[in-house]
Number of protein chains: 2
Amino acid sequence: MTKKSPSPEAVTAWARLMRVSRQLVEKTEDALKAGGLPPLAWYDVLHELAEAGEGGLRPFELIDRVLLAQYGVSRLLAKLEADGLVEKLPVSDDGRGQTVRITPSGREMRRGIWAIYGASITELMGDRLSAEELNALAALLGRLRHPPIENH
Amino acid sequence: MTKKSPSPEAVTAWARLMRVSRQLVEKTEDALKAGGLPPLAWYDVLHELAEAGEGGLRPFELIDRVLLAQYGVSRLLAKLEADGLVEKLPVSDDGRGQTVRITPSGREMRRGIWAIYGASITELMGDRLSAEELNALAALLGRLRHPPIENH
DNA sequence: CCCATATCGATGCATTTGCATCTATATGGG
DNA sequence: CCCATATAGATGCAAATGCATCGATATGGG
């Protein structure tokens, strides 16, 4: 199983991907910080919980969706709960676990973060590429995902 | 200056970019760790220093190139020096500063990291997209850079 | 020449992250 | 029913990171 060294094209694309993604995250985090808002990870979790609705989600369900480690989810949820943005409910048929549900102020916080986050996406992506280019980019990135997204 | 909310295409592309870049970094860092090698940031710095040659680089020159904060560079260089991978030389015409030069074992470490890193790039990018697609991806990402890359 | 200000790089302290492990409950084999 | 093992989630401790500041030298205006 000899692994060959990467093509120049792969290296360039890799380097761009690394640099651009870090720049975009950094700029967006800066914008949130400047607005007195919590980090992106908070948005991700609140977003998932908002989509999940009243039924809420189990912490382990959040782990795969938000690409955070188990202990990261555990600690983030503790902070969100302390801030009253989510509530933890015991789950009847599994004494180990809990269900996490977003609260009204959690939804409000999500909207607040989105005002900045969405503007950042517009500025950093929407304004720089056309809809067709954005679709092309998404399709190419989808092929790099694990598991890859099939395009048709 | 009202910022409008992002198009669905921008949001999808953004989400993919965030997810894919984090996945690729994570997989690569895991591979390095499994090989008993230091993190990617070490490679970045060693790479820049190797390219700079015998003249070396000033720490502040590294800051922009590797997208690390000033204190991050300072601390990373301290570790690299402790491991004998770089050496710090006083610079004659500026008593505040220093020049950092890669050592032979630094070059060796760089090669060692690259054996894993390069294989990871091949596996995660080179094997998944054609050369044309990689170029297309790099071009699109270049437009998202700050400052953006002009394509011709 | 002196002083105000800017730049280079390091560092103390608080927060965050990663790793390993822990407690508690669940599950399945005998 | 009991025990071995697995899974859900929390946490102690160490390392990494972020922030503010510091000491040291450089620079420029008067």
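Values below: every heavy atom of this structure, side chains too, minus hydrogens, waters and symmetry copies. Every chain is numbered from 1, with letters handed out A, B, ... down the list of sequences.
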Within this structure, what is the CD-to-C1' distance between A:Glu26 and D:dT17, rounded to whole angstrom?
-> 13 Å
Test item: A:Leu76 and A:Leu62 side chains (from C-beta on) under 4.5 Å apart, heavy atoms | no
Applying the 3.5 Å cut-off to both distances, the Watson-Crick or G-U partner of C:dG30 turns out to be D:dC1
Any B:Lys88 side-chain nitrogen or oxygen under 4.0 Å from OP1 or OP2 of C:dA10 | yes
Euclidean distance, atom CG of residue A:Leu77 to atom P of C:dT17 [Å, nearest integer] = 14 Å
Here the distance between atom P of C:dA10 and atom CZ of B:Arg96, to the nearest Å, is 13 Å
Side chain proximity check, B:Met125 to A:Pro6, heavy atoms < 4.5 angstrom = no
Select one nucleotide: of D:dG9, C:dG12, C:dC19, the one nearest the side-chain heavy atoms of B:Arg75.
-> C:dG12
Atom CG of B:Leu76 and atom C1' of C:dT11 are separated, to the nearest Å, by 16 Å
Using purine N1 to pyrimidine N3 plus N6-O4 or O6-N4 for Watson-Crick, or N1-O2 and O6-N3 for G-U wobble, each under 3.5 Å, what pairs with C:dT23?
-> D:dA8
Scan A:Arg58 against the nucleic acid and name what it touches under 4.0 Å (heavy atoms): base, sugar-phosphate only, or nothing.
-> sugar-phosphate
Atom-to-atom span, CH2 of A:Trp42 to P of C:dT16 - whole angstrom = 9 Å
Min side-chain heavy-atom separation A:Ile113-A:Met109 under 4.5 Å = yes
Send over the distance from A:Glu61 CD to D:dA8 P, rounded to a whole Å.
-> 10 Å
Under 3.5 Å donor-acceptor pair, A:Gln70 side-chain atoms to D:dA8 base atoms | no
Rounded distance in Å - CG (B:Asp93) to C1' (D:dT25) | 12 Å
Are the side chain of A:Arg143 and the backbone of B:Arg128 linked by a donor-acceptor contact shorter than 3.5 Å?
-> yes
Whole-Å distance between C:dA6 P and B:Phe60 CZ?
-> 18 Å
Ignoring backbone atoms, test whether A:Lys33 places a side-chain nitrogen or oxygen under 4.0 Å from the OP1 or OP2 oxygen of D:dG18.
-> no
Residue whose nearest DNA chain C nucleotide is more 5′ - A:Ser92 or A:Tyr71 = A:Tyr71
D:dA10 phosphate, OP1 or OP2, under 4.0 Å from A:Ser74 side-chain N/O | yes
Hey, is the side chain of B:Lys79 poking within less than 4.0 Å of OP1 or OP2 on D:dA15, counting only N and O atoms?
-> no
Contact check, side chains of A:Trp42 and A:Asp83, non-hydrogen atoms, under 4.5 Å = yes
